[in-house]
2 protein chains.
Amino acid sequence: MATRPYSESLERLRAAGLRPTRQRLALARLLYGRGHRHVTAEQLHAEALAATVRISLATVYNSLHQFTEAGMLREVVVDPARRYFDTNVEPHHHFFMATDGVLQDISGKDVSITGLPAVPAGTELQGIDVIVRIRRN
Amino acid sequence: MATRPYSESLERLRAAGLRPTRQRLALARLLYGRGHRHVTAEQLHAEALAATVRISLATVYNSLHQFTEAGMLREVVVDPARRYFDTNVEPHHHFFMATDGVLQDISGKDVSITGLPAVPAGTELQGIDVIVRIRRN
DNA sequence: AATTATAGTTATAATAATTATAATATATTG
DNA sequence: CAATATATTATAATTATTATAACTATAATT
Ligand SMILES: [Mn+2]
Ligand SMILES: [Mn+2]
Ligand SMILES: [Zn+2]
Ligand SMILES: [Zn+2]
């Protein structure tokens, strides 16, 4: 069965309770078209323009936040200067190459972390992020 | 033997090849006076002013970067809006309470991570950061 | 100690990512 | 097709950080 990116994106937005506007549909297609992605607002905006989608940077920011709120994206904090958004919302970890700004997934299934203390009293666990920082050699 | 914060800070700066100026001495005393600390530039600047040290925010930023370069501090990336500096330069991990912006150390000794894939070809490991995100409950 | 050179500090301006505003446009509902 | 609710956009504002360049302090030299 061939993928039908248009209706797929449409359903995704409907399920999230977001109006399927031209701009959101275009972004959803760019984001979920093939495989998982890690993007910044600027990158995604440039991609949309390159694909001749007329969209403002403000709308890209708005959409990234709405998608995140809706559980369609999650944010990954690795660089103090840019915010990355990840289409993979399953628990998993990352390689981060600081020089290129490239993120790469590490499956959460295989990784296990032992020896962590219990969370401080009065707090609850929200999530665990493992960032493996690497560089060219 | 009682601690002698003044000469301790002085030696620390000398060892790092940094001139022991009034400002850097004051920051070193605030940072290494007692126990490990995680600070932002704004926080440290406010502390210095509260301690009646006349110092500009620019110098706090400069000093934090110089201390980091000298291995006296390391940066911890947990919040896309602020840069944290850590006086604990041993390999270790963190609890991060996003609402308060408070970081707390997790000893690196006890924690072990298994199941991580090898680093991608052409790259070398720089470090592994584990951030345990928690929230009040 | 005085002089000169080097390095550090600071007020201020610039930068860059992100967020807010408010006018305009689009989508949904009846 | 209205009427209403929601979304988009150009633009301005915000905020943390960094750059600039004049001034000051420290260190080295005489
Ligand atoms: Mn920012
Ligand atoms: Mn910033
Ligand atoms: Zn990912
Ligand atoms: Zn720490």
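In what follows, chains are A, B, ... by sequence order, proteins preceding strands, each numbered from 1.
When the side-chain nitrogen and oxygen atoms of B:Arg22 are compared with OP1 and OP2 of D:dT26, one or more of them lie within a distance under 4.0 Å. One finds a side-chain N or O of A:Gln23 lying less than 4.0 angstrom from the OP1 or OP2 phosphate oxygen of D:dT9. In this model, the phosphate group of D:dT17 is not approached by any side-chain N or O of B:His65 to a distance below 4.0 Å at OP1 or OP2. For C:dT18, one of the phosphate oxygens OP1 or OP2 lies less than 4.0 angstrom from a side-chain nitrogen or oxygen of A:Tyr61.
For the atom pair A:Ile106 CD1 and A:His92 NE2, the distance stands at 9.0 Å (nearest 0.5 Å). Between the CG atom of B:Leu116 and the CD1 atom of A:Ile113 there is a distance of 8.0 Å, given to the nearest 0.5 Å.
Look at CG on A:Leu57: it is 11 Å from C1' on D:dT9, rounded to the nearest Å. The distance from atom CG of B:Leu44 to atom C1' of D:dT17 is 15 Å, rounded to the nearest whole Å. Distance, A:Asp79 CG to C:dA17 P: 10 Å, rounded to whole Å. One interatomic measurement links the two molecules: CG of B:Leu64 to P of D:dT18, which rounds to 10 Å at whole-angstrom precision. In this structure, B:Arg82 places its CZ atom 17 Å from P of D:dT14, rounding to the nearest Å. A:Arg14 places its CZ atom 12 Å from the P atom of C:dA27, with the value rounded to the nearest Å. Atom P of nucleotide C:dA17 and atom OH of A:Tyr84 are separated by 11 Å, given to the nearest angstrom. Rounded to an integer number of Å, the gap from A:His45 NE2 to D:dT8 P is 13 Å.
Within a 6.0 Å radius of CD in B:Gln126, other residues, nucleotides and ligands contribute more than 12 heavy atoms.
Considering only side-chain atoms of A:Glu42, the nucleotide from D:dA7, D:dT9, C:dA17 that sits closest is C:dA17.
Both B:Arg83 and B:Pro20 sit near DNA chain D, but only B:Arg83 has its closest nucleotide nearer the 5' end. Comparing A:Arg19 and B:Thr21 by the nucleotide of DNA chain C that holds the closest heavy atom to each, the one mapping nearer the 5' end is B:Thr21.
Test B:Leu73, B:Asp105, B:Val102 against B:His38 for side-chain contact (heavy atoms from CB on, under 4.5 Å) and you get one pass: B:Asp105.
Base contact: A:Thr59 has a heavy atom under 4.0 Å from a base atom.
Partner assigned to D:dT9 is C:dA22, using Watson-Crick or G-U wobble distances below 3.5 angstrom.
B:Asp86 has no carboxylate O lying under 4.0 Å from a charged side-chain N of B:Arg37, or vice versa, which leaves the two without a salt bridge.
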